[in-house]
Amino acid sequence: MEKIFIEPTRVTPLVNFDPDEGLLEIKGRSSPENYILFYQKIIDNLDEYIQSDLTDFKANFSFEYFNTSSSKCLFDVFKRLSRIEESGKGLTINWYYEEDDEDMMEAGEDYADLLDLEFNFLEIEEF
């Protein structure tokens, strides 16, 4: 398990995964050409975190936009987060969305409902 830091581009979000801090942050726009390759390292690290002795994990998501392909990978990320919680570790998920962006808020609600996860929904002014 390693730290991951990916600078954002116009088609990929900022990613900050720090296992020592128990932190995952994904922020920005997500529509990479090879979405599986982009998200696989995050998913692999979450799988390792589940097996580790580390406790308490915090995940912050703040999207301006994500495409359908990214949505599938994000579902896989949330499945891993669900497993972190099932393993007995503390889990906090913060879902940030721009004020008046009901679609993005509802996307977070859908993930929370599908996987029976508790999200903190936090409205922000703008990115």
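All values below come from the heavy atoms of this structure, side chains included, with hydrogens, waters and symmetry mates left out.
If you take CZ on Arg80 and CG on Asp47, they are separated by 4.5 Å, rounding to the nearest 0.5 Å. Summarising the geometry, atom OG belonging to Ser30 is positioned 2.5 Å from atom OH belonging to Tyr39; distances are rounded to the nearest 0.5 Å.
Under a 4.0 Å N-O distance rule, the pair Asp44/Lys41 does not qualify as a salt bridge.
In the displayed structure, Lys58 atom NZ is contacted under 6.0 Å by at most 12 heavy atoms of other residues, nucleotides or ligands. Within a 6.0 Å sphere centred on CD of Glu102, other residues, nucleotides and ligands contribute 12 heavy atoms or fewer. The 12-atom threshold is exceeded at CG of Asp113, counting heavy atoms of other residues, nucleotides or ligands nearer than 6.0 Å. For Glu118, the CD atom is loosely surrounded, since the number of other residues' heavy atoms within 6.0 Å does not exceed 12. A 6.0 Å sphere centred on CD of Glu2 holds more than 12 heavy atoms belonging to other residues, nucleotides or ligands.
Using a 30° and 60° split on the angle between ring planes, Phe63 and Phe61 fall in the parallel class, below 30°.
Closest approach of Glu85 and Leu117 over heavy atoms only: OE1-CD2, 3.7 Å. For the pair Gly28 and Pro13, the tightest heavy-atom approach, listed with the atom from each and the gap, is N-CB, 4.2 Å. Here the closest non-hydrogen pair linking Glu64 and Asp101 is O-OD2, 4.4 Å.
Checked by atom type and distance alone, the side chain of Tyr49 pairs as donor or acceptor with a backbone atom of Thr55 at under 3.5 Å.
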Determine, step by step, whether Phe78 and Phe119 satisfy the side chain to side chain contact (heavy atoms under 4.5 Å, CB included) criterion, reporting the C-alpha distance in whole Å, the side-chain angles of both residues, the deciding distance to 0.1 Å, and the verdict.
-> CA-CA 11 Å; Phe78 288 115; Phe119 280 38; 3.4 Å; yes
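Of the options Ile84, Ile50, Leu23, a side-chain contact (heavy atoms from CB on, under 4.5 Å) to Phe57 is made by Ile84 and by none of the others.
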